[in-house]
There are 2 protein chains.
Amino acid sequence: MSLPLAPGSTESRVAPSAPDAQDRPGGQVRMEDVARIAGVSPITVSRALSKPDMVSPRSREAVARAIAATGYVRNLVAGSLASQKTHVVAAVVPTFANPVFAATLVSMEAALQAKGFHLMLGQSGATPQTQHALISTFLARRPDGFFLHGNRCAPETRRMLVQAGIPIVEGANLRDDPIDMLVSFSNFDAAKALTRHLIDRGYRRIGFASPPWRHNDRARARRRGYIAALADAGLAVSERRIVETPLGFREGGEALRALLERDKRLDACFLAGDVLAAGALFECHRSGRRVPDDMGIAGFDDQDIASATSPQITTVHVPRQEIGRIAAEMILARIDGRADVDRRVDVGFDIRVRQST
Amino acid sequence: MSLPLAPGSTESRVAPSAPDAQDRPGGQVRMEDVARIAGVSPITVSRALSKPDMVSPRSREAVARAIAATGYVRNLVAGSLASQKTHVVAAVVPTFANPVFAATLVSMEAALQAKGFHLMLGQSGATPQTQHALISTFLARRPDGFFLHGNRCAPETRRMLVQAGIPIVEGANLRDDPIDMLVSFSNFDAAKALTRHLIDRGYRRIGFASPPWRHNDRARARRRGYIAALADAGLAVSERRIVETPLGFREGGEALRALLERDKRLDACFLAGDVLAAGALFECHRSGRRVPDDMGIAGFDDQDIASATSPQITTVHVPRQEIGRIAAEMILARIDGRADVDRRVDVGFDIRVRQST
DNA sequence: CTGAAAGCGCTAACAG
DNA sequence: CTGTTAGCGCTTTCAG
């Protein structure tokens with residue numbers, strides 16, 4: 001690549017000791033080259049890029065011209081090593097495929113990008129082992145902050161994260177003992193409130209379906225919330241009215257069928273996931289059950305599908321975008337050394353009563 | 001943190017000149033500390049971690065013990081600078097919120113993670129300007145490879161990417177002039193084939209709805225495919241039977257209503273997105289139109305929703321996961337210096353004929 | 001199989 | 001406002 005200098009540029013090749021960019025294979029331009037062409041020292045280039053206020057307009061412009069002329073792309077790997085700041089936030093979610101996590105990441109990435117931070121994203125899978133392995137390699141990249149969505153970490157994972165000494169935000173559930181910071185809502189309270197709503201509507205034989213809770217403490221919390229609401233109302237709790245199922249439309253229909261086989265008189269079903277709920281609703285359409293008269297259907301998350309079906313589905317609305325935005329703000333605030341940072345934010349939830357109950 | 005050495009460990013503090021890890025604030029353990037405790041040189045620790053085959057089992061174990069004892073986390077930022085390899089692949093998609101992109105990223109991340117690579121993920125937004133800005137800052141992080149989903153890049157963006165000298169894969173559309181490598185399918189052919197199917201089914205007044213095509217060449221390609229199929233069949237093409245709409249269930253219903261207002265005798269509608277198609281189907285339910293008899297409905301992408309509704313929705317199936325997996329393989333192969341890498345992979349598509357047409 | 005020396009490209013710290 | 005000096009923590013040579 002040639003270096004078409006603007007006429008009258010402030011070039012001053014004082015010390016041509018180092019080879020020019022053209023001489024090096026790959027043609028990678030370094031800060032030193034830019035500095036020489038701009039007639040300033042490398043550190044001034046560095047400052048013109050990172051702290052423009054510290055540099056005179058004159059130098060700033062010379063640097064800008066030199067960068068434009070050379071097509072210089074700065075090397076943030078070197079910068080990160082020198083400054084001990086990567087401007088990277090790591091985020092680990094169970095999977096990208098679940099739109100519920102995606103909604104959080106959308107707003108988090110946008111907030112980070114606006115401040116010059118980037119997102120390093122990984123899928124932890126469902127087990128503590130895969131989660132630990134992933135977090136461990138992420139930490140080696142020295143992110144300035146960490147966001148976690150998913151289960152409570154294993155003790156050794158937790159220890160490793162604490163040891164890293166960076167701000168950490170968990171976003172999956174309002175837990176008692178966050179590793180560091182927390183922004184979420186109570187899955188227990190939400191499930192309990194929704195179940196309570198079903199009871200208030202007059203439903204008495206209420207089934208519950210959710211993803212497997214073995215490695216999923218949010219699913220467990222929702223299940224406990226469902227049970228607590230029944231117990232509070234003096235209704236019988238039966239394991240026979242509870243099923244585990246993978247997420248999916250078809251799976252929601254199958255879950256409902258399975259519950260109906262065990263109890264033909266089931267009059268409502270709480271499916272802890274809108275996609276499951278929509279699947280159950282479609283199953284009702286097919287089998288000629290009227291919703292909400294013959295069968296009440298309720299979901300969780302308030303995804304788009306919940307308000308698109310007819311009847312529309314009663315569900316728990318959770319501000320997923322808020323979680324991402326606030327998580328980014330918390331991390332950035334702590335990186336900035338602000339001390340007034342909340343360590344625990346409850347974003348709440350609300351029950352969206354629609355036509356399916 | 002204490003350093004509980006295993007009994008009989010091969011410790012040998014020969015040169016206690018450097019401060020121990022405990023003495024440094026933050027307690028960050030460096031490779032040098034591990035080396036001293038293991039009784040080897042730093043480079044042997046490095047090799048034990050990166051190229052275990054080059055190290056004797058004896059040293060390897062000593063290193064492993066020292067790492068376990070100290071809780072050492074290696075610094076890949078320093079490693080990346082020294083080796084000029086980050087083991088990071090950057091990926092830029094329009095938004096994380098669209099499950100269509102998520103499906104690709106799921107498999108790409110999994111493939112990368114399995115090889116010790118990580119994903120740096122960003123949302124480019126819809127315009128060339130935001131895309132350029134994002135790619136520019138990503139490049140400064142020196143990724144070893146780049147994945148792009150979205151529009152054809154602006155010329156200056158393209159130049160910047162080429163200049164980076166790293167493998168680049170585009171995944172959005174089978175284009176003529178890829179920047180470097182390409183793995184996708186023909187949006188034009190797919191839309192044309194689906195429209196042809198509608199014509200074969202006997203539909204004659206076929207509407208078309210898709211996201212705005214101003215900054216979206218895939219939407220444009222689909223629109224051209226729709227028009228080409230009509231023209232091939234000798235059917236009239238009318239702008240009045242074409243609408244632009246944001247994605248969404250409600251928007252799909254509204255798009256169908258808008259089309260029907262312009263042409264009451266519309267007998268089918270191709271909605272370039274399953275969510276739109278499902279929304280249109282729900283609208284038919286509400287307005288008492290029978291599908292597929294009064295109105296044929298077809299979608300695009302074969303998302304879960306397409307086979308969950310009743311009637312199920314005819315759509316174009318696209319192997320999104322394949323695209324991600326193959327993209328990762330292409331990038332990794334080129335990083336490995338393998339020369340036999342395909343530069344252009346057509347993953348194809350197929351029409352899933354279901355009950356809505 | 002192991003080690004010593006020499007950077008990778010940038011920025012912190014200090015001095016002017 | 002600008003420059004000099006000295007690393008950041010690791011890996012690449014190149015010798016043994």
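Since the structure is predicted, the reported quantities are computational estimates derived from the model, not experimental observations. Lettering of chains follows the sequences in order, A, B, ..., and the numbering in each one begins at 1.
- OP1 and OP2 of C/dG9 both lie 4.0 Å or more from every side-chain N or O belonging to A/Gln28.
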Review item, nucleotides 10-14 of chain C N/O atoms under 3.5 Å of protein N/O:
from	atom 1	to	atom 2	distance (Å)
C/dC10	OP1	A/Tyr72	OH	2.4
C/dC10	OP1	A/Asn75	N	3.4
C/dC10	OP2	A/Met31	N	2.7
C/dT11	OP1	A/Arg74	NH2	3.3
C/dT11	OP2	A/Ser46	OG	2.4
C/dT11	O5'	A/Ser46	OG	3.4
C/dA12	OP2	A/Lys51	NZ	3.0

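- The ring-ring contact (aromatic ring centres under 6.0 Å, His included) analysis of residues 140-160 of chain B, with sequence neighbours excluded, yields the pairs B/Phe101-B/His149.
- Atom CG of B/Asp53 and atom P of C/dT2 are 12 Å apart (whole Å).
- Qualifying side-chain contact (heavy atoms from CB on, under 4.5 Å) partners for A/Leu332, counting only residues two or more places apart in sequence or in other chains: A/Leu112, A/Lys115, A/Phe117.
- Think of the region where chain B sits on DNA chain D: with heavy atoms and a 4.0 Å cut, that region ends 5' and 3' at D/dG9 to D/dT12.
- For A/Gln129, the side-chain contact (heavy atoms from CB on, under 4.5 Å) partners two or more places apart in sequence, or in a different chain, are A/Thr127.
- Scanning for salt bridge (Lys or Arg N to Asp or Glu O under 4.0 Å) contacts around B/Glu170 gives B/Arg175, with sequence neighbours left out.
- With sequence neighbours left out, B/Asp53 forms a side-chain contact (heavy atoms from CB on, under 4.5 Å) with no residue at all.
- Test A/Leu182, A/Val169, A/Ile326, A/Ile323 against A/Val345 for side-chain contact (heavy atoms from CB on, under 4.5 Å) and you get one pass: A/Ile326.
- The rotation axes computed at either terminus of the helix from C/dC1-D/dG16 to C/dG16-D/dC1 lie 20° apart, taking five pairs at each end and rounding to 10 degrees.
- Residues meeting the side-chain hydrogen bond (donor to acceptor under 3.5 Å, both in side chains) test with B/Thr86, sequence neighbours left out: B/Asp144.
- Contacts of B/Glu329 classified as side-chain hydrogen bond (donor to acceptor under 3.5 Å, both in side chains), with partners at least two apart in sequence or in another chain: B/Arg325.
- Both B/Leu81 and B/Met54 lie close to DNA chain C; mapped to their nearest nucleotides by heavy-atom distance, the more 5′-ward contact belongs to B/Met54.
- Under the rule for a side-chain hydrogen bond (donor to acceptor under 3.5 Å, both in side chains), B/Ser46 has no partner lying at least two apart in sequence or in another chain.
- Remark: B/Val73 engages A/Leu139, A/Ala140, A/Arg142 in a side-chain contact (heavy atoms from CB on, under 4.5 Å) (not counting sequence neighbours).
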